[in-house]
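Notes for the one structure printed next.
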Amino acid sequence: MTASTSGYGSVLLGNPGQSRRRLRIRVQVLLTVLLVSTNVIGAGIVFVLSAVVIPSPAANRGTVLSLAIGVPVYVGIAVVVGAAWGTAGALRSLRWATREDEPSDEQRVEALGVPWFLTKVQATLWAFATVLFTAMAVAVQPERALTTAFTVGIASAVVTAIAYLFSEFALRPIAARALSGETRIKVRRVGVRRRMLLFWGLGTAAPVVGLVAVAIFTLTLREGEVTLTRLAVVILALGSVVLVFGALVTWLNARAVVAPILSVRNAMQRVEEGVLDTEVEVYDGTELGQLQAGFNQMVSGLRDREHLRDLFGRHVGRDVAEAASRGEVELGGETREVSVLFVDVVGSTTLATERHPTEVVDLLNQFFAVVVAEVDQRGGFVNKFIGDAALAVFGAPVELDDHAGRALAAGRAMAARLAAEVPDLAAGIGIATGEAVAGNVGDESRFEYTVIGDAVNAAARLTELAKDVDGRLLVAMASVERAGDDEARHWREQDTVTLRGRSSATTCAVPVD
């Protein structure tokens with residue numbers, strides 16, 4: 001699998017190839033640090049707002065002591081209880097993730113619900129804190145009970161929202177494993193739209209409601225109990241809390257939405273560059289996870305299509321395959337002037353009887369590798385392999401400038417390479433130029449691109465004669481005459497012969513060097 005960035009959208013989460021033990025430790029440390037830090041900061045803000053900021057009757061000594069002692073003690077107990085409760089429940093749901101076990105659909109759904117479970121744990125602890133500190137306020141200083149309940153309640157909503165986003169972030173590697181099965185599971189939870197509205201309400205609307213409530217509390221106080229300076233300080237303090245926590249929740253929520261989109265965008269760039277083995281980790285249980293999974297399915301389809309296209313191109317030729325993919329292949333043909341190169345092994349019958357079949361196949365593969373390389377290098381098309389022979393065409397299906405020169409150059413290079421690289425095989429090479437019918441023959445259900453005409457027959461006859469000449473390369477002089485000057489100077493005229501099946505004589509040529 002290929003990925004241009006960290007597979008889970010953050011370097012803090014490591015890469016998909018990390019060991020199970022490293023993954024478990026990483027997730028556990030991240031969850032502990034993030035959740036404990038969130039709760040401690042939230043508790044500190046509650047203390048400051050309740051004791052100093054919120055306009056209410058001045059805190060008496062009992063209220064200050066209860067907050068100074070009660071908040072740290074409760075936070076400590078809540079952290080221990082929350083860690084034990086949350087860890088036990090999470091490990092029960094994620095036991096399979098620390099092993100090599102393949103999870104069932106039920107386990108996968110349960111694993112995706114762990115962030116919500118941890119959020120419920122945090123919400124329960126903060127709800128209990130709201131009730132506890134309100135009761136303490138009623139017992140110590142009743143006139144502050146309302147502001148205490150309101151302050152802790154607002155903080156509970158904001159901290160719980162942040163706790164969910166942190167939990168979802170830390171558990172992305174687990175979600176990726178849960179969503180990596182063959183069958184796509186549907187998780188009936190909050191989607192992107194509802195999640196954004198929910199966290200807007202918790203991270204922005206709730207603190208703003210706090211500002212409105214401050215104004216209401218101020219109006220309920222007797223004249224003179226709140227000075228303009230105190231009111232300004234209250235608004236500045238609450239405004240700072242709104243900005244900081246609202247921005248934090250918005251930022252975390254934005255990251256949760258943007259990270260999957262970025263993973264798909266980066267993967268798309270790699271696909272555009274031709275890297276079709278690209279995949280993205282599917283770690284989001286909402287519509288964004290469906291987007292990630294859909295991208296992987298799309299790329300898988302592209303890989304299958306490219307594989308078939310490659311196989312098709314190997315069998316019928318790249319140019320014919322390209323034409324077929326554009327829907328341009330149909331029965332029929334057209335008359336074109338082409339140059340045809342025919343190459344055939346000398347003594348193939350003796351070769352097959354004297355050598356082991358595996359050795360014969362290896363030699364033929366070496367032989368055809370040279371033929372294909374030289375034809376492809378000059379823009380030709382290897383039309384077919386016929387046992388131990390091959391037919392190559394220059395000028396069809398793609399028109400070529402100087403097709404005769406290209407065919408002659410390919411023949412010279414082929415003869416030299418075969419003599420040097422495949423000395424155990426000798427092959428005759430014949431080249432002819434002329435008009436031929438190039439097109440598809442067969443039936444609508446199965447047809448083949450081929451070239452039929454006098455040039456093909458002449459090349460095949462010249463190949464038989466070439467087996468008995470030095471260099472085993474013989475071409476029609478007409479090909480040399482149609483070639484460019486740069487290639488024509490490498491050839492000289494030789495004998496004139498009457499090829500089998502023809503009434504007129506054919507002037508032949510052989511390479512000069």
Side-chain angles (χ1 to χ4, degrees), residues 317 338-351 355 360-395 400 402-434 451 455-497 499-500 506-513:
V338 296
S339 293
V340 179
L341 182 151
F342 198 88
V343 55
D344 186 25
V345 172
V346 177
S348 56
T349 302
T350 303
L351 179 71
R355 295 182 182 248
V360 173
V361 171
D362 290 340
L363 284 172
L364 287 176
N365 286 339
Q366 296 177 44
F367 164 69
F368 286 129
V370 173
V371 172
V372 172
E374 295 302 328
V375 172
D376 284 349
Q377 184 176 345
R378 290 161 182 81
F381 165 47
V382 179
N383 182 230
K384 56 174 62 73
F385 297 106
I386 311 167
D388 54 3
L391 173 66
V393 183
F394 294 80
L400 291 176
D402 193 20
H403 55 79
R406 291 170 183 262
L408 294 173
R412 288 191 302 109
M414 196 181 299
R417 285 190 59 185
L418 288 174
E421 298 176 21
V422 197
D424 292 338
L425 280 184
I429 303 172
I431 300 172
T433 299
V451 178
V456 180
N457 298 331
R461 303 293 182 262
L462 288 170
T463 300
E464 292 299 322
L465 297 177
K467 296 178 180 180
D468 298 322
V469 302
D470 292 339
R472 293 192 170 87
L473 175 58
L474 191 65
V475 306
M477 191 62 192
S479 297
V480 178
E481 293 170 350
R482 286 176 174 79
D485 293 339
D486 290 341
E487 179 60 32
R489 63 186 178 85
H490 293 287
W491 300 85
R492 60 180 173 81
E493 184 177 329
Q494 201 187 39
D495 299 334
T496 298
V497 297
L499 301 177
R500 181 164 52 89
T506 299
T507 302
C508 301
V510 294
V512 174
D513 45 8

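Across all their heavy atoms, Gly411 and Ile431 have their closest contact at CA-CD1, 4.1 Å. Here the shortest heavy-atom pairing between Phe342 and Ile386 reads CE1-CD1, 4.1 Å. Leu400 approaches Gly379 most closely through the heavy-atom pair CD1-O, 3.2 Å. Of all non-hydrogen atoms in Arg492 and Val512, the two that sit nearest each other are N-CG2, 3.8 Å. Closest non-hydrogen pair, Gly434 versus Ala455, comes out as N-CB, 3.7 Å. For the pair Asp402 and Gly484, the tightest heavy-atom approach, listed with the atom from each and the gap, is OD1-N, 3.2 Å.
For the atom pair CG of Leu408 and NE2 of His403, the computed distance is 10.5 Å after rounding to the nearest 0.5 Å. Between the CG atom in Leu425 and the CG atom in Leu363 there is a gap of 5.0 Å [rounded to 0.5 Å]. Note that OG1 of Thr506 is 12.5 Å distant from CG of Asp495, once rounded to the nearest 0.5 Å. Atom-to-atom distance recorded for Asp344:CG and Leu462:CG is 13.0 Å, nearest 0.5 angstrom. Going from atom CG of Leu391 over to atom CZ of Phe381 covers 9.0 Å, rounded to the nearest 0.5 Å. Annotation: the span from Leu418 atom CG to Ile429 atom CD1 amounts to 5.5 Å, rounded to 0.5 Å.
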Test Arg500 against Asn457 for side chain to side chain contact (heavy atoms under 4.5 Å, CB included), laying out the working first. CA-CA 9 Å; Arg500 181 164 52 89; Asn457 298 331; over 6 Å; no
In sequence, state the C-alpha distance, the side-chain angles, and the governing distance for Val375 and Phe394, and then conclude on side chain to side chain contact (heavy atoms under 4.5 Å, CB included). CA-CA 9 Å; Val375 172; Phe394 294 80; 4.1 Å; yes
For Asp388 and Phe367: C-alpha separation, side-chain torsions, deciding distance, then whether side chain to side chain contact (heavy atoms under 4.5 Å, CB included) applies. CA-CA 9 Å; Asp388 54 3; Phe367 164 69; 5.6 Å; no
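Considering only residues two or more places apart in sequence or on other chains, Glu493 meets the salt bridge (charged side-chain N to carboxylate O under 4.0 Å, His left out) condition with none of them.
Evaluation of the side-chain hydrogen bond (donor to acceptor under 3.5 Å, both in side chains) test over residues 422-434, restricted to residues two or more places apart or in two chains, returns Ser339-Thr433, Thr433-Ser479. Among residue pairs with one or both ends in residues 364-374, those qualifying as side-chain hydrogen bond (donor to acceptor under 3.5 Å, both in side chains) are Glu374-Arg378, Glu374-Arg417; sequence neighbours excluded.
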